[in-house]
Each structure stands twice: as structure tokens, then as C-alpha cells.
Number of protein chains: 2
Amino acid sequence: MIQAAPIDAVMRALADPTRRAVFQRVVSTDEITVADLTHGSGVTQGAISQHLKTLKLAGLVAERPEGRKVYYRAEPEGLAPLADWMNHYSVFWKDRFSNLRELLKEIDHD
Amino acid sequence: MIQAAPIDAVMRALADPTRRAVFQRVVSTDEITVADLTHGSGVTQGAISQHLKTLKLAGLVAERPEGRKVYYRAEPEGLAPLADWMNHYSVFWKDRFSNLRELLKEIDHD
DNA sequence: ACATCAAATTAGCATATACTAATGCATTAG
DNA sequence: CTAATGCATTAGTATATGCTAATTTGATGT
């Protein structure tokens, strides 16, 4: 091990395909319960809870307990370390900026 | 395991801090040999070779053998899967676009 | 030819990780 | 109060991973 920065937690959290899939499902919904995430995930509820814990520690998701359910939502700022890291290599992906360019236009018109 | 896409190889390759450090050193130079990468890395030459192999399989570096040395260089397009993945969540990092905005200006003036 | 050097590969080991099954802990329903 | 529900946590296990030390492979130098 060489460092233990936030980028580390983020990259480790997103390295696992199952966990990345969980994150994507959380992102694609406003809020979603553990039970709903478990359905169709291919793993047990316990595994989902473990993945959510990892994502939470990485700052990628947040929870909102309600009764005996717990709703999870994506945490936008959690991706910041990764965005910053990418930014550092941005000269590399100049050619892939078409979408971003469009996005910037949208932001400008907000 | 749920999938085995290129994003998977890239994320796994960049998940390890030591390997990420190797990549950064490769990026920061035009070309660099295994021996040079080994110096100051804190791990053995064998370990560095292993990390380079992983990075190569992920498409993040390329090699140029010359005599008994092998020069490694960064492979820009290897980051494309990660850039695309980030792009998918771009609505999340709207607020972190200042640098990109500057970069786009530079590109526009090329 | 022989020794040396650079890098890749291998075997072995220790740790980390992803998972399941089982259990624990609140909360709600009857 | 008791049972059931939703989620977290734990123990245990199998596999993956990162590392070292040693060896192999290939190229250069003497």
C-alpha cells in the first residue's frame, strides 16, 4: 500500500462488478430499498448490505431509514475524487469530449 | 461476478494504489523502463513487471522493447472506458467542470 | 564462449475480498 | 405481547490478489 486517499476508497468500491451494478441501480432510481436492490441482483440480502456499506464508506451512497426499511440514494459528490483524478489526465481524452461539450451548453442555459 | 467488460479491467487495474502509482509515473514521462519504474517504487522488479502486465491487459500502457530494455508508455485510449462510464454520470459532476471548461477553451483554440 | 544485465515468469505465502448461511436488532402488524 | 418483516452483522469459506525470492529468457559486452 502506498496511500489511503479518498480516491482509493472510491476506486476500490467501484472495482467490483457486482458493487458497481448495485451503484448503477441506486443511481437509476431516486431512492431504493435493500430488498429491492436484492431482487435480481443474484446475491443474498446480506451481500447487498455489505456492498452498500462499502459504497457508503466511499461516499458514493447515503441512507435514509424509514421505519424498518432503509432507502439508499446516490451521493453525487462521492464521484468527485474520480472526476478529479480523470481531470488530471484530461489531455488524454480530449477526443471524447463531445458529450461533455453538449452538457456544458445545457449548463450554460440553466 | 456479473460482467466482464473493458471497464472491468480498467477499474480493477486502477483500484490498486501501487499500480495506480506506477501508471502515474508512466504517464508523467514520455517513456520509462522497468528498472526506472522499480526505483523508488517500494516493491521489487518482479512486482513492477506484474503490475505492468495488468496495466497492459487493461489497455492502459504499451511497451516498446529496445535491446534488453523495455520502454513503457501510457496508452491514452485505455482510459476511454472510464471516461465513458463517468460520462454516464456526468449530471453528477456538473459542479466540477471548471477545469474541463478551461480545457475545452484550449482545444477550441488549437 | 562466458559473464552480465534487463525484464518476465514462477512458486509460495499472507492477506484481502466476495459470498453464503445464520443470527441479531429494530420496527411494525395482529 | 408475539410474530413477522427489513436490514445489518457475524462466522466461516473459497477464491483472488499483491508481494517476495528465485529462476528463466533474451540481449549485450568482454
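In what follows, every chain begins at residue 1, and chains take the letters A, B, ... in the order their sequences are listed. Just so it is clear, the structure is predicted and the values come from calculations on it, not from any experiment.
Using a distance-only test at 3.5 Å, with no hydrogens or angles considered, a donor-acceptor pair links the side chain of B:Arg25 to the main chain of B:Leu37. Judged by distance alone, the side chain of A:Ser41 and the main-chain N or O of A:Thr38 form a donor-acceptor pair under 3.5 Å.
Counting non-hydrogen atoms under 4.0 angstrom, B:Gly67 reaches the backbone sugars and phosphates but no base. Note on A:Tyr71: nothing from the nucleic acid sits closer than 4.0 angstrom, heavy atoms only. Within 4.0 Å (heavy atoms only), A:Ala47 reaches at least one base atom of the nucleic acid.
Using a 4.0 Å cut-off, no side-chain N or O of A:Arg19 falls inside it from OP1 or OP2 of C:dT17. For B:Thr33 and C:dA6, the shortest distance from a side-chain N or O to OP1 or OP2 is not below 4.0 Å. Side-chain nitrogen and oxygen atoms of A:Thr44 include none within less than 4.0 Å of the OP1 or OP2 phosphate oxygen of C:dC19. Residue B:Ser49 has no polar side-chain atom (N or O) positioned under 4.0 Å from OP1 or OP2 of C:dA7. For A:Tyr72 and D:dA8, the shortest distance from a side-chain N or O to OP1 or OP2 is below 4.0 Å. Side-chain N/O atoms of A:His51 include one lying less than 4.0 angstrom from OP1 or OP2 on C:dC19. Proximity of A:Thr18 to the phosphate of C:dC19: a side-chain N or O atom is located under 4.0 Å from OP1 or OP2. Look at A:Arg12 and you'll find a side-chain N or O under 4.0 angstrom from OP1 or OP2 of C:dT17.
Toward the 5′ end of DNA chain D lies the nearest nucleotide of A:Lys69, the other residue of the pair A:Lys69 and A:Gly46 mapping further downstream.
A salt bridge links B:Arg12 to B:Asp8: one of the charged nitrogens lies within less than 4.0 Å of a carboxylate oxygen.
Interface remark: the B:Gln45 side chain does not form any donor-acceptor pair with the C:dA6 base, using a distance-only criterion of under 3.5 Å. The base of D:dT20 is paired with the side chain of B:Gln50 by a donor and an acceptor separated by under 3.5 Å.
Taking CG of B:Leu14 as the reference point, atom CG of B:Leu82 lies at 6.5 Å (rounded to 0.5 Å).
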Chi angles and distances behind the side-chain contact (heavy atoms from CB on, under 4.5 Å) call for A:Lys69, A:Thr33 = CA-CA 7 Å; A:Lys69 295 183 180 179; A:Thr33 64; 4.1 Å; yes
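Listed nucleotides: C:dC19, C:dA6, D:dC7. Nearest to the side chain of B:Arg68: C:dA6. For A:Asp16, taking side-chain heavy atoms from C-beta onward, the closest of the listed nucleotides D:dT28, D:dC7, C:dC19 is C:dC19.
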